[in-house]
Participant: 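For reference, the structure I am asking about is given below.
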Amino acid sequence: MDVFALFSARVSNALQVLYPEVGPDLLARIVVEPPRDAAHGDLSTNAAMIVAKPLGKNPREVAGALVEHFQADHDVTSVEVAGPGFINFRLADPIWHQVLRSIGQQGESYGRSNLGQGAPVNIEYVSANPTGPMHVGHTRGAVFGDTLASLMAFSGYDVTREYYINDAGSQINTLARSTLLRYRQALGEIVEIPSGFYPGDYLVPVGQGLKEEFGTGLLEMPEAEALAIVKERVLVAMMELIKADLAKLGIHHDVFFSERQLHGPDGDIARTLAWLREQGMIYEGRLEPPKGKTPEDWEDREQTLFRATDYGDDTDRALIKSDGSYTYFAADIAYHRNKFLRGFKHMINVLGADHSGYVKRLQAATKAVSLNAADMDVRICQLVRLMKNGEPFKMSKRSGDLVTLADVVDEVGVDATRFMLLFRRNDAAMDFDFALVKEQTRDNPVFYVQYAHARAYSIFRNAEKEFPGLDFSPAALASADIERIVSAAELDLVRVLAAWPRTVAAAAVAHEPHRIAFYVHDLAAAFHGFWAKGKDDPQLRFVNAEDPTLTLARLALVDAVRQVIVNGLAILGVSAPEELS
RNA sequence: GGUCCCGUAGCUCAGUUGGAUAGAGCAGCAGCCUUCUAAGCUGUUGGUCGGAGGUUCGAGUCCUCCCGGGAUCGCCA
């Protein structure tokens with residue numbers, strides 16, 4: 001149950017009764033939301049102000065009519081006009097009791113919606129180059145993308161989590177050559193790894209594996225042939241490495257899409273370019289050098305260009321390099337046409353800050369290949385600075401080495417890593433302080449939220465001690481005498497719970513998973529706050545030794561809080577422990 | 001120079017996609033432990049929302065121009 005949706009419908013109905021001439025486009029602009037200041041009531045709507053002007057009426061006059069209409073609503077204890085024409089509602093207790101019951105009934109589905117109506121959404125995230133283990137720079141995008149995917153799925157979208165493997169570029173050839181050196185080392189040769197090659201130790205076992213598989217065989221064949229074999233083996237090994245890193249964070253993709261499969265004379269790139277030509281989206285021409293910064297080796301030549309400017313980009317884009325091979329972007333156009341042809345009209349790409357210059361191009365490509373039928377939202381994750389006690393921090397043993405994702409997770413754990421990365425808007429740079437993240441105090445939001453969840457369990461344990469015979473099963477809670485929940489403090493807690501479905505929906509629409517993290521933190525604060533009230537006023541304690549009926553009702557409230565925290569943490573991919581040790 | 005992101009309390013950040021008198025946490029100050037976990041809570045101090053215009057019933061939010069910080073900038077991936 002979503003009280004805001006409920007009253008949004010009632011307001012729309014009322015308007016249609018009072019002013020039949022109000023159209024659906026106006027109704028769509030009306031919101032029913034919690035007022036910023038709780039003193040104004042439980043719900044507030046801007047309906048009168050939206051509708052007044054088109055009707056040629058005064059907002060307060062329209063508001064007055066609506067107020068009169070809602071006088072008859074038994075779920076409303078007061079309605080009044082405020083300010084320029086807001087209508088504020090105060091709701092009767094039974095509404096909150098219904099909310100509480102519905103949470104018990106819906107359980108882990110509370111907050112789930114059909115917002116997406118089953119529409120397919122492709123969310124591409126991570127897509128780190130398969131040249132080594134994941135470093136910490138990838139972590140934010142990985143966690144963000146994964147959580148956004150969960151959020152969208154929870155909101156009724158048919159989500160595909162996708163990883164694009166950049167396995168076709170020259171860096172992969174370098175990777176293969178680097179691996180070949182490790183192979184020769186495995187055979188006992190003393191080989192230096194020259195600069196420009198991948199020096200990481202993670203290639204050593206791959207070289208070992210090649211020795212075990214081929215003996216000296218690879219040295220006895222032409223180098224090109226050997227490199228082709230090595231490339232296959234090392235790509236598989238690197239992807240295994242990356243998948244293992246992602247698994248550490250609880251991240252699993254549905255589709256791993258290889259760039260290489262797009263190449264070739266009959267591949268998607270060739271077909272897409274042919275198609276773009278038919279559409280007149282390609283031409284041969286020259287590009288202006290970038291203003292203010294002409295590259296030294298700038299070569300003014302005629303080349304094959306995509307009309308990206310027709311779709312909002314700043315300049316047209318090259319598709320074929322001077323050596324005749326396709327540009328990265330050409331492959332990406334083909335890739336996104338492939339996504340579209342697989343049935344995705346909604347696409348989201350999660351990219352790092354260093355790719356912000358790529359956004360317009362990507363959106364232009366998506367519009368072009370879908371003939372404007374698909375939308376592409378690009379979410380940029382800004383940089384994360386690793387800190388320790390306020391000082392910039394590098395964990396690398398050798399200079400130049402990057403801190404790996406695995407290092408971070410091993411150091412602070414999955415829950416803290418995920419939560420901290422989500423407890424911040426994605427488009428703002430953030431500091432990630434190891435000292436704070438590991439701290440088990442209220443300064444640490446992960447801990448604060450998990451503690452609220454553990455506290456709910458603790459209350460149940462104490463209740464069972466106090467009433468050894470009493471039934472605290474879900475069935476018993478469902479039939480608890482919830483009408484006993486009447487204090488302002490309790491009902492305030494229910495109000496927070498009532499905002500959950502609305503919060504989820506808004507976060508899904510905005511593609512902003514951080515809102516879930518903030519909500520869960522707010523809920524934890526409200527719960528801790530109520531718990532502490534039992535100190536000043538023992539009547540407000542959850543467990544009341546003299547009153548098993550009231551205790552049961554309050555435990556239903558505790559259970560609802562527990563449930564919503566669980567649902568929120570589930571979206572975030574953070575565990576909800578029953579006890580903190 | 002172009003493009004994108006950020007600028008909100010001393011610090012770290014929210015701000016319900018244009019709503020009412022701009023919020024929270026830390027830090028500071030004042031309190032609360034014979035208590036369902038003090039791993040917590042309550043109260044309080046603190047603001048020309050970077051600046052200037054504009055759009056309208058109404059702007060932290062949208063538009064334009066500046067200032068400051070960051071990212072990025074032909075065929076790399």
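To find a chain, count down the sequence lines: A is the first, B the second, and so on, and within it residues start at 1.
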Participant: How would you label the contact of A:Val359 with the nucleic acid (heavy atoms, under 4.0 Å): base, sugar-phosphate, or nothing?
Facilitator: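 Counting heavy atoms under 4.0 Å across all strands, no contact is made by A:Val359.
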
Participant: Under the rule syn = chi within 90° of 0, otherwise anti, which is B:C57?
Facilitator: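 Anti conformation here, the glycosidic angle of B:C57 being more than 90° from 0.
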
Participant: Can A:Arg502 be said to sit on top of A:Phe4's aromatic six-ring, NZ or CZ under 6.0 Å from centre and within 45° of the ring axis?
Facilitator: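 Relative to the ring axis of A:Phe4, which defines the angle, A:Arg502 lies inside both limits.
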
Participant: Identify, between A:Gly169 and A:Glu299, the residue whose nearest nucleotide on RNA chain B lies closer to the 5' end.
Facilitator: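 Whichever sits nearer the 5' end wins; that is A:Glu299.
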
Participant: Is A:Asn88 touching bases, backbone alone, or none of the nucleic acid, heavy atoms closer than 4.0 Å?
Facilitator: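 Since a base atom lies under 4.0 Å of A:Asn88, the category is base.
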
Participant: Does any donor-acceptor pair link the side chain of A:Ser44 with the base of B:A20 at a separation under 3.5 Å?
Facilitator: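 Present.
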
Participant: Quantified in whole Å, what is the P atom distance between nucleotide B:U45 and nucleotide B:A22?
Facilitator: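 It comes out at 15 Å once rounded to the nearest Å.
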
Participant: Of the listed nucleotides (B:A39, B:A14, B:C4), which one gets closest to any side-chain atom of A:Phe518?
Facilitator: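 Selected nucleotide: B:A14.
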
Participant: What stem regions, each of at least 3 consecutive Watson-Crick or G-U pairs below 3.5 Å, can be found for RNA chain B?
Facilitator: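 Runs of three or more consecutive pairs: B:1-7 with B:67-73, B:10-13 with B:23-26, B:28-32 with B:40-44, B:50-54 with B:62-66.
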
Participant: Taking the P atom in each of B:U12 and B:G70, what is the distance between them to the nearest angstrom?
Facilitator: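 Per the computed distance, 15 Å lies between those P atoms.
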
Participant: Between A:Asp316 and A:Arg307, is the closest basic N to carboxylate O distance under 4.0 Å?
Facilitator: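 No, A:Arg307 and A:Asp316 are not salt-bridged.
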
Participant: Can you check whether A:Arg425 has a side-chain N or O nearer than 4.0 Å to OP1 or OP2 of B:G15?
Facilitator: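 For B:G15, OP1 or OP2 has a side-chain N or O of A:Arg425 closer than 4.0 Å.
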
Participant: Does the ring of A:Phe86 meet both stacking tests against the six-membered base ring of B:G19: centre distance under 5.5 Å and plane angle under 30°?
Facilitator: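 Answer is no, no stack.
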
Participant: With no angle test and no hydrogens, is the base of B:U16 tied to the side chain of A:Arg502 by a donor-acceptor pair under 3.5 Å?
Facilitator: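 Flag set: donor-acceptor pair detected.
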
Participant: Picking from B:C76, B:C5, B:U17, which would you name as closest to the side chain of A:Val31?
Facilitator: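 So the side chain of A:Val31 is nearest to B:U17.
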
Participant: Does A:Lys533 reach a base, just sugar-phosphate, or nothing at all? Heavy atoms under 4.0 Å.
Facilitator: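 Here A:Lys533 touches no strand at all.
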
Participant: Passes side chain to side chain donor-acceptor pair (under 3.5 Å), A:Ser44 versus A:Asn88? Steps please.
Facilitator: CA-CA 5 Å; A:Ser44 175; A:Asn88 294 331; 3.2 Å; yes

Participant: Of all the nucleotides listed (B:C13, B:A20, B:U16), which has the minimum atom distance to the side chain of A:Glu33?
Facilitator: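 Of all the options, the side chain of A:Glu33 is nearest to B:U16.
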
Participant: With heavy atoms under 4.0 Å as the rule, sort A:Pro34 into base, sugar-phosphate or nothing.
Facilitator: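 A:Pro34: base contact, heavy atoms under 4.0 Å.
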
Participant: Can you see if the side chain of A:Arg36 gets near the phosphate of B:U16 - specifically, an N or O under 4.0 Å from OP1 or OP2?
Facilitator: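 Affirmative; the distance criterion is met.
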
Participant: When rounded to the nearest Å, what value does the distance between P atoms of B:C62 and B:U17 take?
Facilitator: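 Roughly 13 Å separates the two P atoms.
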
Participant: Of all the nucleotides listed (B:G19, B:U3, B:A77), which has the minimum atom distance to the side chain of A:Asp314?
Facilitator: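 In terms of side-chain proximity for A:Asp314, the closest of B:G19, B:U3, B:A77 is B:U3.
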
Participant: Would you say A:His528 stacks on B:G40, if stacking means ring centres under 5.5 Å apart and planes within less than 30 degrees?
Facilitator: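 Base of B:G40: not stacked against A:His528.
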
Participant: Is any side-chain heavy atom of A:Ile172 closer than 4.5 Å to a side-chain heavy atom of A:Lys231?
Facilitator: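 Of all side-chain heavy-atom pairs linking A:Lys231 with A:Ile172, at least one is under 4.5 Å.
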
Participant: Assuming nearest nucleotide by heavy-atom distance, tell me which of A:Gln382 and A:Ser458 is located more 5' along RNA chain B.
Facilitator: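 Looking at RNA chain B, the more 5' nearest nucleotide goes with A:Gln382.
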
Participant: Which whole number of Å gives the distance between the P atom of B:G74 and that of B:U3?
Facilitator: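 So the two P atoms sit 16 Å from each other.
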
Participant: Give the ring-plane orientation class for A:Tyr457 versus A:His453, where under 30° counts as parallel, over 60° as perpendicular and anything between as tilted.
Facilitator: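 Aromatic pair A:Tyr457/A:His453 classed tilted.
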
Participant: Counting only side-chain nitrogens and oxygens, does A:Tyr448 get under 4.0 Å of the OP1 or OP2 atom of B:C41?
Facilitator: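 Affirmative; the distance criterion is met.
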
Participant: Which of these nucleotides, B:U3, B:U37, B:C41, is closest to any side-chain atom of A:Glu579?
Facilitator: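 Out of B:U3, B:U37, B:C41, the nucleotide with an atom closest to A:Glu579's side chain is B:U37.
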
Participant: Do NZ/NE/NH1/NH2 and the carboxylate oxygens of A:Asp332 and A:Arg361 come within less than 4.0 Å?
Facilitator: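 No, this pair does not count.
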
Participant: Nearest to the A:Ala82 side chain among B:A20, B:A77, B:C4, which nucleotide is it?
Facilitator: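 Nearest nucleotide to the side chain: B:A20.
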
Participant: What nucleic acid atoms does A:Leu287 come within less than 4.0 Å of, heavy atoms only: base, sugar-phosphate, or nothing?
Facilitator: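 It contacts sugar-phosphate atoms only.
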
Participant: What distance, rounded to whole Å, do you find between the two C1' atoms, one in B:A9 and one in B:C29?
Facilitator: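 To the nearest whole Å, 16 Å.
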
Participant: Measuring to OP1 and OP2 of B:G15, would you say a side-chain N or O of A:His514 lies under 4.0 angstrom away?
Facilitator: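 Affirmative; the distance criterion is met.
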
Participant: Regarding B:A20, can its base be found pairing with the side chain of A:Asn46 as donor and acceptor, where the two atoms are less than 3.5 Å apart?
Facilitator: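 It does not, because no donor-acceptor pair links the side chain of A:Asn46 to the base of B:A20 below 3.5 Å.
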
Participant: Quick one, A:Ser487 with A:Glu490, criterion side chain to side chain donor-acceptor pair (under 3.5 Å). Give me CA distance, side-chain angles, the key distance, then yes/no.
Facilitator: CA-CA 5 Å; A:Ser487 74; A:Glu490 290 166 305; 2.7 Å; yes

Participant: Sticking with atom C1', work out how far B:A59 lies from B:A20, rounded to a whole angstrom.
Facilitator: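 Here B:A59 and B:A20 have their C1' atoms 13 Å from each other.
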
Participant: Hey, does the side chain of A:Ser155 reach the backbone of A:Leu115 with a donor-acceptor pair shorter than 3.5 angstrom?
Facilitator: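 Such a contact is absent between A:Ser155 side chain and A:Leu115 backbone.
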
Participant: With a 4.0 Å limit, can you tell me whether A:Arg424 has a side-chain N or O closer than that to the phosphate oxygens OP1/OP2 of B:A14?
Facilitator: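 Indeed, a polar side-chain atom of A:Arg424 lies that close.
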
Participant: Which value, in whole Å, describes the distance between the C1' atoms of nucleotides B:G60 and B:U16?
Facilitator: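 14 Å, rounded to whole Å.
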
Participant: Around atom CD of A:Gln539, are there more than 12 heavy atoms from other residues, nucleotides or ligands closer than 6.0 Å?
Facilitator: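 No, not enclosed.
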
Participant: Please determine whether a side-chain nitrogen or oxygen atom of A:Arg455 lies at a distance below 4.0 Å from atom OP1 or OP2 of B:U37.
Facilitator: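 No, no such contact exists.
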
Participant: Any side-chain N or O of A:Lys53 below 4.0 angstrom from OP1/OP2 of B:C57?
Facilitator: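 Indeed, a polar side-chain atom of A:Lys53 lies that close.
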
Participant: Can you find a side chain N or O atom of A:Asn462 that sits less than 4.0 Å from OP1 or OP2 on B:U37?
Facilitator: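 Yes.
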
Participant: Mind checking whether A:Asp314 and A:Lys360 have side chains closer than 4.5 Å, heavy atoms only?
Facilitator: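 The answer is yes, as the side chains (C-beta and beyond) meet within the 4.5 Å cut-off.
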
Participant: Suppose you measure atom C1' in B:G51 against the same atom in B:G43; what distance do you get, rounded to whole Å?
Facilitator: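 To the nearest whole Å, 36 Å.
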
